[in-house]
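Let me begin by presenting the structure, written as structure tokens, before commenting on it.
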Amino acid sequence: MLRLGIRVEAAATTPNPQIPDPSPQEETGIYVYSIIECPEPRTFGKIGIGGRDDDVYTVHYKDLAAVVSRTLLVVYDPTRENVLAHEHVNEVSIEEGFTPVPMSFGTLFKTEKDIVEFLEDTYDALRDVLVKMKDKLEFGLRVNWAREEVLAEIERDDEGIRRLKEEISKSQQSSTYFARMQLGRMVEQALADKSDAYVRDIYEYLREAAIASRSNKPIGDKMIMNAAFLVERDKASQFDQKVTEIAQRYEGKLSFRYTGPWPPWNFVTIRLQLERSAVV
């Protein structure tokens with residue numbers, strides 16, 4: 001399966017971005033969630049980050065729009081509440097039929113003029129990404145295994161491991177120490193091979209319904225697969241069905257955690273290289 005990755009490294013200059021105002025007065029800025037293709041002004045409801053019921057709306061340059069809300073000019077910590085608020089805005093824009101190109105969490109500008117300048121400066125790159133990502137959504141898939149169940153199957157089916165275990169159980173000699181070391185290596189290799197085989201089979205089964213995939217590092221000892229898939233919007237139902245089928249095939253051995261649809265986080269990211277004006 002094709003692994004597709006697109007990254008937009010957008011340079012922009014904003015006055016003191018993401019820096020709290022040291023004065024007693026609370027200064028506001030504009031939080032940017034994503035970029036969409038949208039020539040006309042749109043609103044998405046009072047769902048802005050920060051818990052103030054700020055309206056989420058669009059700021060435009062030509063046919064591009066930044067999805068934004070007003071908020072306090074502070075550094076947002078990636079707490080669960082804040083991350084969910086950020087994600088929710090992008091989920092709503094997907095439900096409205098847009099394909100958002102996500103901005104990095106915590107991206108703040110001071111004024112709408114700064115956002116328009118950013119859109120103007122990066123227009124060609126953003127337009128190219130939006131064309132490539134149009135009507136494409138991301139789905140996440142994490143797979144854990146029941147290690148003990150898989151190990152029992154390996155010990156039952158692998159003749160070499162089964163025979164060595166029997167020899168160790170019958171022998172009273174000190175040489176069993178080395179035999180046990182050999183057995184341990186054999187078992188670990190067999191587990192690694194089995195894990196790789198499961199992952200290859202899952203990718204292969206989902207190949208027809210996805211455009212691209214990206215493999216991320218598994219988390220913890222039980223996880224064998226942590227992947228993102230890029231899927232055409234009109235093939236989302238087909239992809240859902242394929243995930244359900246492969247999960248049923250490995251029921252009792254593997255557990256699947258399936259999430260989405262999301263913006264294409266793993267396939268395109270807009271990161272700002274922010275510069276601070278020199279203080280004399």
Side-chain angles (χ1 to χ4, degrees), residues 1-10 32-45 47 56-69 83-105 107 115 118-120 122-142 202-216 226-246 256-271:
M1 179 179 291
L2 171 68
R3 268 99 169 145
L4 173 65
I6 302 171
R7 184 173 297 275
V8 177
E9 295 291 347
V32 184
Y33 303 90
S34 61
I35 308 299
I36 60 175
E37 184 178 7
C38 180
E40 301 296 331
R42 290 291 298 265
T43 59
F44 297 92
I47 55 175
V56 174
Y57 62 99
T58 49
V59 174
H60 294 260
Y61 176 75
K62 294 185 176 179
D63 55 344
L64 301 187
V67 179
V68 309
S69 67
V83 170
L84 287 177
H86 179 104
E87 291 178 349
H88 180 57
V89 171
N90 287 324
E91 289 172 23
V92 170
S93 67
I94 288 174
E95 292 171 0
E96 294 286 331
F98 295 101
T99 303
V101 173
M103 296 288 282
S104 299
F105 175 85
T107 301
I115 297 174
F118 161 68
L119 293 174
E120 182 178 5
T122 59
Y123 178 84
D124 290 341
L126 291 172
R127 191 76 183 81
D128 182 61
V129 170
L130 281 164
V131 169
K132 288 182 170 69
M133 292 293 110
K134 186 176 179 61
D135 291 327
K136 298 176 179 67
L137 302 172
E138 178 176 317
F139 292 88
L141 185 63
R142 293 182 175 182
I202 294 168
Y203 273 120
E204 184 64 28
Y205 197 78
L206 300 177
R207 177 190 296 271
E208 292 182 3
I211 302 169
S213 66
R214 178 172 178 177
S215 178
N216 297 314
N226 182 13
F229 293 87
L230 191 66
V231 178
E232 294 276 5
R233 187 185 288 267
D234 61 4
K235 287 191 174 182
S237 296
Q238 179 187 351
F239 188 78
D240 290 349
Q241 182 61 32
K242 300 283 279 186
V243 172
T244 299
E245 291 170 358
I246 195 70
F256 289 67
R257 184 170 182 267
Y258 175 54
T259 61
W262 307 111
W265 297 103
N266 280 276
F267 301 93
V268 54
T269 302
I270 302 171
R271 296 185 182 279

Nearest 0.5 angstrom please: [X] [atom1] to [Y] [atom2], how far?
| X | Y | atom1 | atom2 | answer |
| --- | --- | --- | --- | --- |
| C38 | L130 | SG | CG | 11.0 Å |
| L64 | T58 | CG | OG1 | 11.5 Å |
| I246 | Y203 | CD1 | OH | 13.0 Å |

Test side chain to side chain contact (heavy atoms under 4.5 Å, CB included) applied to H88 - qualifying residues, sequence neighbours left out:
I47, E91, V92

Who passes side chain to side chain contact (heavy atoms under 4.5 Å, CB included) against T259, sequence neighbours left out?
R257, W262

Salt-bridged, R127 to E37, with N to O below 4.0 Å?
yes

Between [X] and [Y], what is the shortest heavy-atom contact and its length?
| X | Y | answer |
| --- | --- | --- |
| I115 | A66 | CG2-CB, 3.6 Å |
| V32 | H86 | O-CE1, 4.4 Å |
| I36 | P100 | CG2-CA, 3.8 Å |
| A228 | E138 | CB-OE2, 3.7 Å |
| K242 | A209 | CG-CB, 4.2 Å |
| E96 | R42 | OE1-NH2, 2.9 Å |

Could you tell me which residues satisfy side chain to side chain donor-acceptor pair (under 3.5 Å) with [X], sequence neighbours excluded, listed by chain and number?
| X | value |
| --- | --- |
| S69 | Y33 |
| T99 | none |
| Q241 | E245 |

Can you sort out the partners of E87 under salt bridge (charged side-chain N to carboxylate O under 4.0 Å, His left out), two or more places apart, ordered by chain and number?
none

List the steps, then state whether side-chain contact (heavy atoms from CB on, under 4.5 Å) holds for L119 with I35.
CA-CA 9 Å; L119 293 174; I35 308 299; 3.8 Å; yes

Could you walk me through whether L206 and L141 pass side-chain contact (heavy atoms from CB on, under 4.5 Å), step by step?
CA-CA 11 Å; L206 300 177; L141 185 63; 3.8 Å; yes

Give the table of side-chain donor-acceptor pairs shorter than 3.5 Å for residues 229-240, with sequence neighbours excluded, one pair per line with atom names and distance.
{"from": "R233", "atom 1": "NH1", "to": "I94", "atom 2": "O", "distance (Å)": "3.3"}
{"from": "R233", "atom 1": "NH2", "to": "F98", "atom 2": "O", "distance (Å)": "2.8"}
{"from": "D240", "atom 1": "OD1", "to": "Y258", "atom 2": "OH", "distance (Å)": "2.2"}

Would you say F139 and V243 make side-chain contact, with heavy atoms under 4.5 Å?
no

Are the side chains of F256 and T244 in touch, meaning some heavy atoms are under 4.5 Å apart?
no

Ring pair (Phe, Tyr, Trp, His ring centres under 6.0 Å) partners for Y123, two or more places apart:
Y61

